Each structure stands twice: as C-alpha cells, then as structure tokens.
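Heavy atoms only: backbone and side chains are in, while hydrogens, waters and symmetry mates are out. If you're wondering where the values come from, they're calculated on a predicted model, not measured in any experiment. Residues: numbered from 1 along the sequence shown.
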Amino acid sequence: MKKITGIHALSMGLAMSLAASAAIPARAASDKLTVVVTDEPKSLDPCDTDLSGNSRILHNNITEALVNLSPKDGSVVPSLATSWRQVDSLTWEFKLREGVTFHDGKAFDTNAVIAALKRAQDPALGCEVGVATLKGLKLNAQAVNPTTLLIKTDVVEPILPNKMSALDIGSPATPGDTKTRTPAGTGPYKLVAWTPGQSVGLVAYEGYWGDKPAIPNATIIWRAESAVRAAMVDTGEAQIAYEIAPQDGTTGQDHAFPNAETSLLRIDAQIAPLNDKRVREALNLAIDRDGLIGTIFHKDAQKAMQVVPPSVFGFNPDIPVWTYDPEKAKSLLAAAKADGVPVDKEIVIYGRIGIYPNSSESLEAIQAMLADAGFNARLEMLETSPWLKRLLKPWSKDRQPSILQTQIDNAEGDAVFTLPNRFTTDGNQSTITDAGLDKLIADGSKATGDERKRLFQQAFKYIAVDAVNIAPLFHMVTIARVAKNVNYTPDVQAGNEIKLKSISYR
C-alpha cells in the first residue's frame with residue numbers, strides 16, 4: 001500500500017475556515033502566553049509525571065525534581081539538588097538547594113523529599129512514577145540535616161540520579177492518602193486553576209529560586225484536531241501549538257524535530273489468536289511501513305524495530321526492520337488455522353484520539369492492510385481516559401483479542417526507563433509473561449557499562465524477534481507551530497515538557 005488518500009481535505013478545510021475568521025491575527029498581550037496541546041492531562045499530582053500529558057504541564061513548570069536530564073546528551077544536571085555522590089553500592093547522597101520554598105510557603109528540605117518519595121512508592125496511591133520509573137526498587141530516604149539526604153536502595157542501582165529526574169517534589173502539605181488536583185511545587189509557575197475540559201491556568205511564582213519567566217501568565221488548552229491547533233496560532237488564539245500533522249505543518253513557522261517517542265502497536269499476546277507467534281509475525285508482515293512514511297507519518301520518521309531510538313543506551317542496532325510481505329502473512333495465518341488457531345476471530349484495534357497527528361488515519365490504513373492479509377480486525381478510537389484503561393492493568397481475563405496503539409518515550413537515555421514496566425511479568429502495561437525476559441531486564445538494570453548494554457540489547461532482541469509481542473512502527477518526528485513574535489525552539493524533550501520559563505516575546 002504505497003499511497004494513502006483522503007486524509008487532507010478535512011484538515012485543510014478546518015484550517016482555511018479558522019484562518020479566514022480573523023483577517024488580522026490578534027496579538028497576544030506581552031504578559032500572556034497560550035499553548036495548545038492535543039489532550040487534557042489525566043492528573044496534576046506531582047507523582048504522576050511519568051505520563052507525558054501530565055508531565056508537560058507539571059514538570060519544571062509547577063513542580064521540579066532533584067535533578068534534570070540534559071536534552072543535548074541525557075547527562076544528569078542540577079535542579080533542586082546541587083550535587084550528589086554514591087557513598088557505597090546501596091547508598092547515594094544528595095545535597096539540596098538552600099532557600100527554596102513551595103508555592104504554599106512551606107520550605108523545601110529533606111523532609112519534603114522524603115514525603116514525596118513515600119507517596120510515590122505507596123501502592124495504594126498508584127503513582128505513575130512508582131509503577132514505572134521506580135518499579136522494582138525499594139528506596140529508604142534519611143535526613144542527615146535539612147539539606148543533606150541519603151537514599152538507600154535494596155538492590156544496586158547504578159543510575160539512581162537519572163531515576164530521580166522523574167520524581168517531582170510536591171509540598172509536604174500534599175495529601176499522603178489521595179491524589180491532589182491542586183499541586184504546590186517549587187517551580188517557576190504556580191497553578192491558578194484547572195478547569196476540566198477547558199484549560200489549565202498558571203501564573204509566575206514571585207518566590208521562585210531561579211531565573212524568573214519572561215511571560216508571567218500562561219494558559220494551556222487542548223484541541224484534538226491538528227488543523228485547529230495550527231490555525232489557532234495563525235489567528236493569535238495561541239502562540240505555540242504542538243503535534244501538528246505533516247499535511248498541516250508546511251509554513252515557515254512550523255518546526256520539525258526528532259523526539260524521543262517510538263510509535264507501535266502493543267499486541268495482547270495472552271489472548272487467542274494472538275497467543276500464537278505465527279499470527280503476531282503475520283500482523284507485522286502485513287503492515288506497509290514504507291507506504292505510511294511521507295503520507296500519514298512525517299517524511300523524516302524512521303522505521304523502528306524496537307521501542308527505543310538509537311540514542312538510548314541499550315539500543316540494539318542488529319535487529320532488522322520488518323519487511324512488507326502480505327503473501328507470507330497470509331501463509332502464516334493459513335498454517336496457524338490448519339493447526340486449530342482461531343485466526344478468523346475478531347481482533348479489536350484500540351486507538352487513542354490525538355495520541356499523535358493522524359492517529360486515526362494511521363489505524364484506518366493499518367486496519368485495511370490487516371484485512372488485505374486476512375485478519376478480521378475492527379477499529380475502535382478512544383478518548384484518553386478509556387484508552388488508559390486498556391493500556392494499564394488490571395484487565396479482564398475474558399477480554400477480546402486486541403492490539404493497542406501507543407507510543408513510548410525515552411528522553412532519559414537508558415533502557416531501564418522503558419523495559420521493566422512494559423515488558424516484565426508484573427509490569428503495569430505488560431502483556432507478556434516470560435521468566436527469561438524478566439531475568440534479562442532485572443540483571444541489566446543492576447549491571448553497568450558494557451554488561452548493562454549487552455543485557456538490554458538481548459532484551460530488545462527477545463521482545464522483537466523471539467516474543468514478537470509488539471508491532472513497532474516509527475521513531476517519531478514532531479512538528480510545533482510557533483508564532484512569529486515568539487522566541488522558542490523545541491528540543492527532544494518537548495513531547496514531555498513545555499519549558500514555559502524559556503519562552504519569550506521578541
């Protein structure tokens with residue numbers, strides 16, 4: 001399938017009608033900034049920044065972590081901690097920044113970090129950072145004094161500072177037994193209001209310890225259609241719009257950049273007929289990835305064979321990309337059917353509206369490709385909340401066989417931020433149960449240097465070649481539209497972090 005048609009007319013019509021509604025674009029007040037994204041955050045609790053929709057509003061805007069990761073090379077750089085060192089194999093020491101206060105006036109100190117870490121690891125709260133980044137670790141934090149913190153691990157954790165970049169610190173007044181919708185952090189902006197279904201409003205925090213934002217008032221809104229988001233910048237309703245579709249991102253204001261996301265289909269390998277490896281291989285062979293590039297996906301998107309980009313430590317360069325071979329796919333399905341596998345059973349494709357530009361169109365094309373190869377596939381596009389219920393455990397044992405549209409980001413630069421939660425037996429998003437893979441991931445997480453890389457590379461090969469419980473698609477490219485009078489250059493972290501403090505007017 002080399003040509004995809006019918007995806008341009010609606011977007012072009014929406015953009016033209018919106019642009020025509022304002023002959024002269026409105027100019028935003030110099031003290032106000034509006035950013036439009038794809039969808040509403042699920043949560044604004046500081047412990048939920050492992051989901052990008054939450055993180056892009058919270059991280060380094062409202063809340064901050066002990067450290068950050070450099071977008072240039074993934075190295076660990078100071079934030080609320082000014083320095084850190086490994087005391088012994090199980091203990092790290094962090095020196096905290098002095099004179100920092102939370103938006104509610106409470107002091108930032110070791111006790112605040114201890115409280116945040118306790119919340120993150122509380123299984124009753126179900127914090128995203130706890131079930132993802134910190135999964136498999138038991139961390140015990142101890143205050144030496146108000147600005148010196150010791151964190152002890154139950155197993156060797158050679159990259160604990162990297163993992164601390166995901167733990168945003170909320171005020172010690174944050175409830176310990178429930179999630180909050182009104183976070184108080186130490187960041188350059190404080191929350192004014194979250195109006196469900198409409199917007200999140202922020203205002204610059206006068207007591208911020210670092211450089212003050214150039215623009216004191218920021219509003220984040222969400223619109224599902226790429227053309228609508230793009231047109232809002234043209235009309236002056238917004239100054240920055242993310243996730244512009246390739247067919248809409250054709251102006252000098254559109255900035256395309258590789259991001260840390262990899263798009264894929266997660267295969268539920270536990271339910272027939274997808275529990276047969278031949279069926280999963282056929283699914284991959286039925287997808288014409290070349291036909292999707294430059295039509296539905298950006299022309300610079302790179303075909304993927306694993307769920308992290310080459311910049312991630314542990315990436316395996318020796319895994320071949322799937323070829324497009326519908327005849328072989330049909331042959332595999334026929335062989336499986338001859339052995340009694342119910343290959344005619346309906347498989348539902350769960351998509352998420354707005355997960356990336358042309359998300360619905362991509363699955364419509366893939367559904368057609370699967371049908372051509374002999375699959376009985378039905379497409380169901382979901383809003384974020386019901387999609388998350390399909391993404392995260394627990395799932396019904398009587399569920400329908402399915403594949404799930406998703407994408408995985410790894411801006412942290414190490415495979416440990418991708419593998420455990422998604423591919424181990426007890427992973428919160430994992431559809432695979434394999435003791436051998438569990439051991440590979442666990443051993444790699446504890447190792448260092450070349451041994452760490454070797455084990456992670458084996459894990460990625462096993463997932464892609466031996467288990468085949470994914471249909472990898474592309475290492476993604478993002479387009480952001482930026483108003484002509486705005487200084488802003490998106491980087492590789494832009495999918496997870498809107499760096500509001502760095503934005504200014506010319």
- Considering all heavy atoms of both residues, which atom of I169 and which atom of A116 are nearest to each other, and what is their separation? CD1-CB, 3.9 Å

- With Y356, the side-chain hydrogen bond (donor to acceptor under 3.5 Å, both in side chains) member among E243, Q405, H298: Q405

- Item | Atom pair CG/NE2 of N496 and H59 - distance to nearest 0.5 Å | 9.0 Å

Please table the atom pairs, donor to acceptor, closer than 3.5 Å between any side-chain atom in residues 210-221 and protein atoms at least two apart or in another chain.
| residue | atom | partner | partner atom | Å |
| --- | --- | --- | --- | --- |
| K212 | NZ | Y208 | O | 3.1 |
| N217 | ND2 | D31 | O | 3.1 |

- Message: Filter on disulfide bond (SG atoms under 2.5 Å apart), then keep only pairs touching residues 96-126, sequence neighbours left out; what's left?
- Response: none

- Message: Please determine whether the number of non-hydrogen atoms from other residues, nucleotides or ligands lying under 6.0 Å from atom NZ of K501 exceeds 12.
- Response: yes

- What orientation do Y242 and Y488 show, parallel under 30°, tilted 30 to 60°, or perpendicular over 60°? perpendicular

- Message: If the test is salt bridge (charged side-chain N to carboxylate O under 4.0 Å, His left out), which one of D168, D177, D45 qualifies with R119?
- Response: D45

- Message: Would you say that R266 contacts L391 through its side chain, given a criterion of any heavy-atom pair below 4.5 Å between the two side chains?
- Response: yes

- Can you tell me if CD on Q302 sees more than 12 non-hydrogen neighbours from other groups inside 6.0 Å? no

- Query: Is F460 close to L419 at the side-chain level, that is, under 4.5 Å between some pair of heavy atoms?
  - Reply: yes

- Item | Distance-only polar pair, side chains of D398 and S396, donor-acceptor under 3.5 Å | no

- Query: Above 12 or not: heavy atoms from other molecules or residues under 6.0 Å from NZ of K118?
  - Reply: no

- Message: Holding to side-chain hydrogen bond (donor to acceptor under 3.5 Å, both in side chains), I want the full list of residues that pass it with N60, two or more places apart in sequence or in another chain.
- Response: N68, E497

- Message: Can you list everything that forms a side-chain hydrogen bond (donor to acceptor under 3.5 Å, both in side chains) with D88? Sequence neighbours excluded, please.
- Response: T91

- Message: When you compare the side chain of V486 with that of R506, does any pair of heavy atoms fall below 4.5 Å?
- Response: no

- Between T424 and D438, what is the shortest heavy-atom contact and its length? CA-OD1, 3.2 Å

- Note on the structure: When every non-hydrogen atom of V203 is compared with those of V192, the smallest separation belongs to CG1-CG2, 3.5 Å

- Task: Go through the structure and list residues passing salt bridge (charged side-chain N to carboxylate O under 4.0 Å, His left out) with E261, not counting sequence neighbours.
- Result: none

- When every non-hydrogen atom of T38 is compared with those of G354, the smallest separation belongs to CB-O, 3.5 Å

- Set of side chain to side chain contact (heavy atoms under 4.5 Å, CB included) partners for Q86, sequence neighbours left out: W92

- Residues at least two apart in sequence or cross-chain that pass salt bridge (charged side-chain N to carboxylate O under 4.0 Å, His left out) with D434, listed by chain then number, are none

- Between Y462 and F423, is the gap from one ring center to the other below 6.0 Å? no

- Task: Test W84 against every option in V76, L160, L66 by the side-chain contact (heavy atoms from CB on, under 4.5 Å) rule and name the one that passes.
- Result: V76

- Message: Please list all pairs meeting disulfide bond (SG atoms under 2.5 Å apart) that have one or both residues in residues 116-167, counting only residues at least two apart or in different chains.
- Response: C47-C127

- N162 and D414: CA distance, side-chain angles, deciding distance, side-chain contact (heavy atoms from CB on, under 4.5 Å) verdict: CA-CA 9 Å; N162 301 63; D414 189 279; 5.7 Å; no

- Message: Can you confirm whether the side chains of D50 and T133 place a donor and an acceptor under 3.5 Å from each other?
- Response: yes

- Item | Non-neighbouring partners of E93 that pass salt bridge (charged side-chain N to carboxylate O under 4.0 Å, His left out), sequence neighbours left out | R85

- Restricting to pairs with a member in residues 103-112, which pass side-chain hydrogen bond (donor to acceptor under 3.5 Å, both in side chains), not counting sequence neighbours? D104-S171

- Message: D48 and salt bridge (charged side-chain N to carboxylate O under 4.0 Å, His left out): which single residue from K42, R181, K179 fits?
- Response: K179

- For residues 150-214, which residue pairs qualify under disulfide bond (SG atoms under 2.5 Å apart), counting only residues two or more places apart or in two chains? none

- Looking at residues at least two apart in the chain, or sitting in another chain, which of them share a salt bridge (charged side-chain N to carboxylate O under 4.0 Å, His left out) with R352? D39

